[in-house]
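Encoded as structure tokens, the structure appears first; notes follow it.
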2 protein chains.
Amino acid sequence: MAEGGVGPGSGESLLFLTDEQLRKGIEAMFFAYRGFTADPDRILERYEYGRAHHRAMHFIHRSPGTTVNNLLSILGVTKQSLNRVLRTLIDDGLVESRVGPRDKRERHLYLTPKGDALERELSEAQRGRMRAAYRAAGPQAVAGFRQVLEAMMEPEMRRQYQTLKDGGA
Amino acid sequence: MAEGGVGPGSGESLLFLTDEQLRKGIEAMFFAYRGFTADPDRILERYEYGRAHHRAMHFIHRSPGTTVNNLLSILGVTKQSLNRVLRTLIDDGLVESRVGPRDKRERHLYLTPKGDALERELSEAQRGRMRAAYRAAGPQAVAGFRQVLEAMMEPEMRRQYQTLKDGGA
DNA sequence: GATTTTATGTCAGCCTTGTTGACTTTCCAA
DNA sequence: TTGGAAAGTCAACAAGGCTGACATAAAATC
């Protein structure tokens with residue numbers, strides 16, 4: 001298409017870069033992020049966990065065996081903060097921490113079957129909303145969505161993100 | 001269109017709805033939101049304010065004269081929580097609270113020149129990143145970005161969002 | 001082998017921002 | 001006049017960030 005009406009094609013009035021349009025984008029991020037977290041939040045409440053636990057489980061699921069340090073840099077929090085969350089997850093039997101086979105200082109993190117079950121429940125809820133949004137918007141919109149989000153990330157986080165991206169599709 | 005180049009081809013294979021793709025979308029939201037808030041956060045730190053203050057100022061700027069109750073429903077927090085934030089903003093002379101002219105129970109909120117200056121500083125930083133992302137991704141991607149975000153919102157928030165959207169244009 | 005660095009964990013304390021509950025004041029409207 | 005909505009306030013609490021200090025084990029380096 002090339003000129004569907006907007007395309008990066010030709011005249012390209014740059015109207016999409018006005019402050020008004022940018023402000024709308026900002027609000028869209030704000031409201032959408034609320035929706036994005038709403039479903040997992042409701043589930044977490046039942047288990048007496050918070051978003052921090054969800055994030056930890058998500059990234060342990062994504063990279064089983066990841067070390068504490070890895071997780072720290074991905075999540076961007078302090079080790080004290082992460083430790084509090086990790087401790088409860090380990091104590092509750094959702095996460096297993098194994099001493100590193102080569103470097104015994106490291107702890108490698110894994111979801112237990114129980115942890116995997118909760119992660120799946122949370123992820124399914126979140127993917128449900130995502131799927132509905134994707135379906136409503138269509139594949140082309142989704143591609144644009146991903147492009148803009150990626151461009152919005154801090155370079156370091158973009159690298160983290162792309163690591164998964166490459167792995168996956 | 002239909003085949004801009006995004007799509008997994010033509011028959012619309014629905015490949016964009018796989019769990020892998022959805023998981024990537026979820027991570028994209030997570031990492032992008034971090035970038036989205038990073039610049040204002042740095043500024044806020046200097047003024048000893050937090051994100052909550054930014055949000056309040058943003059929506060007061062967007063709808064000058066809005067009432068406390070309006071703001072509550074937009075922000076989705078309790079009045080006690082909002083009140084704490086609002087109080088510091090009022091005490092610091094960034095926000096003015098005027099008794100409602102018709103209904104004197106209501107308080108109508110306005111940014112003072114000082115508040116407007118800070119709001120502008122924060123907004124400019126945030127728009128800067130947004131602009132860069134928009135420019136990098138192009139107008140078509142931006143349209144898709146907005147479509148997906150909108151579909152992701154809770155219906156009530158979508159209405160709030162569209163109120164502004166229509167106003168602007 | 002001694003020293004330094006790295007990875008992790010933990011204690012203590014602080015801050016922001018969210019929550020509930022209780023209560024008051026103001027004031028519109030039935 | 002009275003009920004109830006809107007707003008504000010106080011108190012207490014929790015989650016989840018933060019810093020700083022310190023302990024331990026193991027790896028790496030000198």
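Within every chain, numbering begins at 1; the chains are lettered A, B, ... in the order of the sequence lines, protein sequences first and strands thereafter.
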Spacing of [X] atom [atom1] and [Y] atom [atom2] [to the nearest 0.5 Å]:
X: S97(B); Y: L89(B); atom1: OG; atom2: CG; value: 11.5 Å
X: L44(A); Y: E121(A); atom1: CG; atom2: CD; value: 9.0 Å
X: E106(A); Y: R98(A); atom1: CD; atom2: CZ; value: 14.0 Å

Rounded to whole angstroms, how far apart are [atom1] on [X] and [atom2] on [N]?
X: E45(A); N: dA14(D); atom1: CD; atom2: P; result: 15 Å
X: D41(A); N: dT17(C); atom1: CG; atom2: C1'; result: 15 Å
X: L71(A); N: dT8(C); atom1: CG; atom2: P; result: 10 Å
X: K104(A); N: dG9(C); atom1: NZ; atom2: P; result: 17 Å
X: L75(A); N: dG16(D); atom1: CG; atom2: C1'; result: 13 Å
X: R102(B); N: dA29(C); atom1: CZ; atom2: P; result: 11 Å

When the nearest nucleotide of DNA chain D is assigned to V85(A) and to P101(A) on a heavy-atom basis, which residue is associated with the more 5' position?
-> V85(A)

Per-nucleotide protein contact string for nucleotides 3-10 of chain D, where B marks a base within reach and S marks sugar-phosphate only (heavy atoms under 4.0 Å, - for neither) | -BBSBBBB

Within the pair [X] and [N], is there a side-chain N or O less than 4.0 Å away from OP1 or OP2?
X: H53(A); N: dA15(D); value: no
X: R98(A); N: dT8(C); value: no
X: T78(A); N: dC18(D); value: yes

Go through the N and O atoms of the side chain of R84(A) and the base of dG17(D), and report whether any donor-acceptor pair is under 3.5 Å.
-> yes

Would you check if there is a donor-acceptor pair between the side chains of Y49(A) and D92(A) at a distance under 3.5 Å?
-> yes

Check whether the side chains of E27(B) and Q160(A) place a donor and an acceptor atom closer than 3.5 Å, and report yes or no.
-> no

Pair F30(A)-F59(B), ring pair (Phe, Tyr, Trp, His ring centres under 6.0 Å): steps then yes or no | CA-CA 11 Å; F30(A) 173 70; F59(B) 286 105; 5.5 Å; yes

Within 6.0 Å of CD in Q80(A), more than 12 heavy atoms from elsewhere | yes

Just checking H108(A): base, sugar-phosphate only, or nothing, at a heavy-atom cut-off of under 4.0 Å?
-> nothing

